[in-house]
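What follows is a single structure, written as structure tokens, with notes after it.
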Amino acid sequence: MAEEKNKNDSLEKGKAPRKPPKKEEVNLYEEIKDFDTFTKVKEKFADIVLDGKRIREQHIFYIKNENILDFFKYLRDEEKYDMLADLTAIDYPDREKRFAILYNIYSFKKLERLLVRMDIADGEEVETVSEIWPSANWPEREVYDMFGIKFKNHPDLRRILLPEDWKTHPLRKDFDVKNRDQDWMERHLGIREDVNSGEVK
Amino acid sequence: MRMKELVSKVLFVDLIKGLSVTFKSMVSHAVTEQYPKERSKIYERFRGEPRMAVDENGKTKCIACNLCAMNCPVGCITVEAERDPETKKRVLTRYVFDMQRCLFCGFCEEICPVNCIQLTTDYEMSQYDRKDFVLELNELEKGMEKIKYKK
Amino acid sequence: MDEVKNINKTNFAEEFVDATEELVLNMGPQHPSTHGVLRVILKLHHEKVVDLDCDIGYLHRGVEKISETLSYKLAAPYMDRLDYISAVSNNLAYIETIEKLAGVEVPKKAQYIRVILTELARISSHLLWLATHALDIGAMTVFLYCFREREEILNIFEMVTGARLTTNAFRIGGLPQDVPEGFEKAVKDFCEILPGRISEYEALLTKNRIWLARTKNVGVISPEDAIAIGLTGPSLRGSGVKWDLRKAHPYESYNEFEFDIPTGENGDTYDRYLVRLEEMRQARRIILQAIDGIPEGDFTAKVPKVLKPPKGEVYHSIEAPKGELGFYVISDGSTKPYRVKIKGPSFYNLQALKKMCLGHYVADVVAIIGTLDIVLGEIDR
Ligand code: SF4
Ligand code: SF4
């Protein structure tokens with residue numbers, strides 16, 4: 001308690017006299033200009049590709065969760081994005097479509113990186129891309145493990161980092177250390193924590 | 001080409017070449033240190049055991065600004081302070097440093113405005129008991145009590 | 001009584017073959033040659049691997065979750081602990097991502113010193129890789145020699161940053177402090193001895209018949225497969241793909257230095273070994289160029305005490321010793337990142353293990369795990 005108080009008044013003390021001038025909101029997102037791939041996919045997949053943005057020299061496409069396999073196959077075969085460098089998800093609990101899946105693909109021919117973002121709702125299933133890029137196998141398992149997003153037709157959708165019988169999905173924003181799986185800990189480690197004090201019984 | 005390879009294989013050229021390196025290092029000087037007797041050179045910037053500085057009068061330099069606690073990634077520093085009713089200054093009442101959790105990242109040392117908390121070049125920090133790692137202010141000023149291993 | 005008769009009747013040899021048709025062997029997590037706590041479940045037919053599954057996560061510490069709760073600056077020491085063998089590279093990747101997000105321009109001097117330290121980290125990582133890889137295959141001597149040289153690098157790290165392993169070397173905007181006196185001399189001294197030492201390893205290994213037998217044509221992966229499975233770094237270059245982020249997307253000041261990208265031909269363990277050895281020499285070349293050209297100037301840029309990058313998201317990756325190490329950071333305009341995703345090279349490289357091991361002997365699995373140069377701290381995060 002005392003520590004809390006200290007923190008507060010030192011914060012106030014330090015900040016009050018020199019309030020920084022209000023900065024304008026910097027908008028890092030720019031519209032895409034002269035990007036061949038974007039014009040092509042925009043034409044070809046008009047109903048999937050929603051938008052495209054550029055941020056710090058990096059192109060991001062926003063797509064809908066429909067027929068994504070065709071879209072990605074096109075990107076791999078025609079546009080030569082031959083490596084899936086990364087695949088992850090982001091949790092926005094306040095949004096209607098709660099999760100965003102991010103594909104990070106790379107072209108060795110063009111030396112180009114492309115981010116593709118797709119919003120999905122909680123419980124919605126996503127088609128796996130591990131057929132197209134085999135490297136998606138583990139990252140998809142990781143996303144399933146950490147966020148609880150299911151991938152359709154995935155060859156081997158199990159938890160990867162956490163134990164198989166673990167219940168929660170820790171990278172969701174509503175997960176807290178306090179609601180970690182106490183039953184699991186009791187079963188396997190023989191301990192149970194008091195969630196508030198952190199004491200181990 | 002094949003003949004040459006065969007000859008070198010029969011004559012164990014590859015192994016002799018390797019062994020020559022081994023024999024060379026056999027006669028060169030040793031690179032190891034006999035630890036407790038010999039100590040390696042510790043550089044000035046080494047981040048080791050924490051220590052709190054005192055001023056000439058033996059009082060702590062700490063002004064209880066709490067910056068070190070706020071800049072610690074793991075939160076292993078606890079600063080407790082009171083406001084002195086006369087001078088209106090904050091006075092340190094308790095300072096606890098939990099060394100078990102410390103990452104030795106050096107952020108606290110960097111941020112301290114009066115150079116009070118310092119990470120010294122002492123590196124022998126082993127203790128027999130976990131609670132000995134939680135250092136109070138007086139221990140931080142003197143340095144940890146070292147356990148000497150006796151036969 | 002009946003049973004005994006039955007046993008007598010059966011043909012033992014046939015029975016034996018049937019029984020060993022498929023044997024499940026559990027390798028790890030406490031196996032020394034898995035370089036950490038990797039558990040590999042092997043399905044064997046006689047002594048050949050027919051199937052394989054990796055069980056990872058024993059070292060999961062939730063770094064991504066932790067960094068969501070810390071300010072941008074404070075999460076940096078955690079990143080050192082991902083790939084603890086080359087902590088400097090991890091730190092650089094994270095710090096650079098934040099700098100890119102916040103639009104911080106780093107002074108040239110800091111960039112040069114960063115290059116020197118990360119290249120030293122690359123050499124130290126490759127040395128440790130060579131040491132353990134050789135030890136796995138049975139060459140104990142190399143192990144000791146490599147650690148001797150690595151010690152010198154760790155001494156330089158200690159001199160500059162204050163720690164030997166988890167260095168926390170850089171800060172957002174530059175360096176925490178200027179390099180100490182004697183830094184240049186120490187680095188130059190090290191560069192002096194390095195080529196001789198590398199040729200010592202070569203004398204011990206490159207032509208050695210046991211080494212050749214254990215590494216040639218083991219764990220072969222074609223460039224197409226390597227790309228598809230997401231291999232990066234020396235493991236990819238061993239297959240002949242000439243791709244290096246330092247050349248493809250130069251960060252820091254890498255475009256000012258001359259160096260070559262070594263590649264292999266066959267994509268086997270031996271080629272990857274040669275690639276890594278050559279990479280050490282190239283790293284030395286970069287260091288020598290950088291140390292002679294350290295410009296005058298500040299060692300850090302002006303960065304606000306409380307950093308609040310604008311709203312946005314950035315992916316930035318560097319060529320870490322093990323491959324492409326990337327960070328994807330989302331900022332919501334506050335002092336803490338909204339999401340940090342770590343793309344560790346080892347995580348993707350380890351996926352190739354199955355492809356590379358199938359059809360090989362159990363003993364080769366050890367060699368292949370070694371050649372992939374994985375570090376579990378980064379896989380499990
Ligand atoms: S060195 Fe780092 S972890 Fe340790 S007390 Fe200081 S700020 Fe905290
Ligand atoms: S930063 Fe220094 S002066 Fe401030 S509380 Fe910590 S030790 Fe004391």
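Below, chain A is the first sequence line, B the second, and so on; all start at residue 1.
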What are the atom names and distances for all donor-acceptor pairs below 3.5 Å between chain B and chain C?
residue: B:K9; atom: O; partner: C:R209; partner atom: NH1; Å: 3.3
residue: B:K9; atom: O; partner: C:R209; partner atom: NH2; Å: 2.7
residue: B:D14; atom: OD1; partner: C:R209; partner atom: NH2; Å: 2.9
residue: B:D14; atom: OD2; partner: C:R209; partner atom: N; Å: 2.9
residue: B:D14; atom: OD2; partner: C:R209; partner atom: NE; Å: 3.1
residue: B:S25; atom: OG; partner: C:Y145; partner atom: OH; Å: 2.5
residue: B:Y43; atom: N; partner: C:E158; partner atom: OE2; Å: 3.1
residue: B:R45; atom: NH1; partner: C:V160; partner atom: O; Å: 2.7
residue: B:R45; atom: NH1; partner: C:D178; partner atom: O; Å: 3.1
residue: B:R45; atom: NH2; partner: C:D178; partner atom: O; Å: 2.5
residue: B:R47; atom: N; partner: C:G162; partner atom: O; Å: 2.9
residue: B:R47; atom: NH1; partner: C:T161; partner atom: O; Å: 2.8
residue: B:R47; atom: NH2; partner: C:T167; partner atom: O; Å: 2.9
residue: B:N71; atom: OD1; partner: C:K73; partner atom: NZ; Å: 3.2
residue: B:L103; atom: O; partner: C:R81; partner atom: NH2; Å: 2.9
residue: B:C105; atom: O; partner: C:N168; partner atom: ND2; Å: 3.1
residue: B:E110; atom: OE1; partner: C:R171; partner atom: NE; Å: 3.2
residue: B:E110; atom: OE2; partner: C:R171; partner atom: NE; Å: 3.2
residue: B:E110; atom: OE2; partner: C:R171; partner atom: NH2; Å: 2.3

Of all the heavy-atom pairs spanning B:V21 and C:A203, show the shortest one and how long it is.
-> CG2-CB, 3.7 Å
In terms of heavy-atom pairs under 4.5 Å, which option from C:L74, C:V160, C:L212, C:L205 contacts chain B the most?
-> C:L74
Quick one: what part of B:L15 sits under 4.5 Å from any heavy atom of chain C, side chain, backbone, both or neither?
-> side chain
Is the number of heavy atoms from other residues, nucleotides or ligands within 6.0 Å of CD1 (C:I210) greater than 12?
-> no
Side chain, backbone, both or neither of B:F46 within contact of chain C (heavy atoms, under 4.5 Å) | both
Let me know if B:I42 has heavy atoms under 4.5 Å from chain C in its side chain, its backbone, both or neither.
-> both
